[in-house]
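The next block holds one structure in the form of structure tokens; read it before the comments.
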Amino acid sequence: MNKVAGIIRVDRKVLDIDKVLQMGMTFRWRKHGQIWHGVIGRNAVQLEQKNEGVAYSCVNGDSSDSGLNSELIRFFDLERKYEIPHDDENLTNAVGKYEGIRQLQLDPIETLYSFICSSNNHISRISSMMTFLGSKGDLLAQIKSDTDVEPNLFRYQAFPSIETLAQLTEQELRAANFGYRAKFIVKTSASILENGGNSWVETLKSEDYVVAVEKLMTLAGIGRKVADCIALYGLNKRESIPLDVHLIRLANRDYNLKEAEKGLTPTRYEGIVARLRETWGRDAGWVQTVLFYKELQLSKEKKKSPKSKREKNKPRTEKKEVKVEVKEEPVELQSEAQVSSRKGPVVTTRRRAAQKIKTECDEMPLKKAKEEEF
DNA sequence: AATCGACCTTC
DNA sequence: AAGGTCGAT
């Protein structure tokens, strides 16, 4: 087999695939030994993090080397240099401690389904649901285990087309453990098909953030928060801040937010994300991802050792200005290739009126929280 | 415009 | 109770 392989020379401080591939952005990547297995477009991809960078190979020979290389750079968002407010000590510390987190640029359709599945759910079940959907896609390659220890073979499958997804029945999905989300999947697939299928979803990428979110929310199972997740990871909308109780909690603690965690009405949601956007700046979406990862780690540590809370009094490690940059000069992307967005009315079958999203914010940006009292 | 309960499983 | 959405009030 004609195997394409190479390496992206990037420091672990810039890209840490162990972190980004299992934190709840993607749900179909698997790690066996040191190797990560997954699919990008129609490429069956293997990834391994080494000191020199991320080694990659494509095991189904669908792509040219340069093609896969630039796809990976895009996938891991490596041409972007993240910006953080210079006076945000909390963020600077978090970025310094939890390095290598990227705001992935994922397939819009797969991301859309992923986050419909994510409502009221946890990563392991979302993963199994997404693996089920993936099992309906084209088989690109598969590996057999050479050991008895790991008898499972990994199947690399392209994410199915909307047409294929639309054939799934609620009954079948419920049997596959989708619970009440089964109905959402069926309805949304039909709606997307009516709207124009794959190309309708693709054009959302060229819409403004607010418009994209409004259109996403016309679909069943996509509310405000899920729409933000799709916008951020699937449509590359970096101002998107998926807001949930965890984010409110950490912002209350570290950013003097002073908001209740419950009763998140549409109005409150817009007000809060507007303030956080002011606070976190241009790359607010990525900031959210980093801080969320930090919370994930903190809660894991807490679970492991419910020790005394005196830990907090440890002197903070002084971090110098954080530089986030790519070692290798990324290739230029041609933006001309994009089909211009249509001005005409996009036909959408709305089951409900799309809510307007307010973007104004009268409130002042948040101040950093002062040192907590102990 | 805000509040409330239901909804599939599972940790 | 959980990483939300939907429909009714």
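Each chain gets a letter, A, B and so on, in the order its sequence line appears, and its residues count up from 1. Atom set for the values below is all heavy atoms of this structure, side chains included, hydrogens, waters and symmetry mates excluded.
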Side chains of A:D228 and A:Y269, donor plus acceptor under 3.5 Å: yes
Phosphate contact (B:dA2 OP1 or OP2) by A:R268 side-chain N/O below 4.0 Å: no
Whether A:Y98 and A:Y293 hold their rings parallel, tilted or perpendicular, with breakpoints at 30° and 60°: perpendicular
Whole-Å distance separating the CZ atom of A:F178 from the P atom of B:dT9: 12 Å
d(CG, A:N120; C1', B:dG5) in whole Å: 13 Å
Parallel, tilted or perpendicular: ring planes of A:H32 versus A:H37, cut at 30 and 60 degrees: tilted
Separation of atom CD1 in A:I185 from atom C1' in C:dC6, rounded to whole Å: 15 Å
Integer-rounded Å distance: B:dC8 C1' and A:I126 CD1: 13 Å
Counter-base of B:dC8, judged by Watson-Crick or G-U geometry with both distances under 3.5 Å: none
Whole-Å C1' distance, B:dT10 and C:dC6: 22 Å
Donor-acceptor pair present, A:R125 side chain and B:dC11 base, under 3.5 Å: no
Spacing of A:R224 atom CZ relative to C:dT5 atom P, expressed in whole Å: 10 Å
Sugar-phosphate only, base, or nothing, as touched by A:M23 at under 4.0 Å among non-hydrogen atoms: base
Closest listed nucleotide, where the reference is the side chain of A:K225 and the choices are B:dT3, B:dT10, C:dT5: C:dT5
Nucleotide nearest A:H122 when distance is taken to its side chain, options B:dT3, B:dT10, C:dC6: B:dT10
Sugar-phosphate, base or nothing in reach of A:I123, heavy atoms under 4.0 Å: base
Integer-rounded Å distance: C:dA2 P and A:H246 NE2: 7 Å
Touch class at under 4.0 angstrom, heavy-atom based, for A:R181 against every strand present: base
d(CG, A:L173; C1', B:dC7) in whole Å: 16 Å
Side chain of A:S124 (C-beta onward), nearest among C:dG4, B:dC11, C:dG7: B:dC11
Donor-acceptor contact below 3.5 Å, side chain A:R268 vs main chain A:E259: no
Nearest-angstrom distance from the residue atom OH of A:Y269 to C1' of B:dT3: 19 Å
Polar contact flag, side-chain donor to acceptor under 3.5 angstrom, A:S189-A:Y113: yes
Residue A:N177, side-chain atoms from C-beta onward, closest of B:dA1, B:dC8, B:dT10: B:dT10
B:dA2 phosphate, OP1 or OP2, under 4.0 Å from A:T265 side-chain N/O: yes
Distance-minimising heavy-atom pair for A:L235 and A:A212: CD1-CB, 3.9 Å
Nearest-nucleotide pick for A:V226, side chain only, options being C:dG7, B:dT10, C:dG4: C:dG4
Nucleotide of B:dA2, C:dA2, C:dT5 approaching A:T267 most closely (side-chain heavy atoms): B:dA2
A:Y180 (side chain) and C:dG4 (base): donor-acceptor pair under 3.5 Å: yes
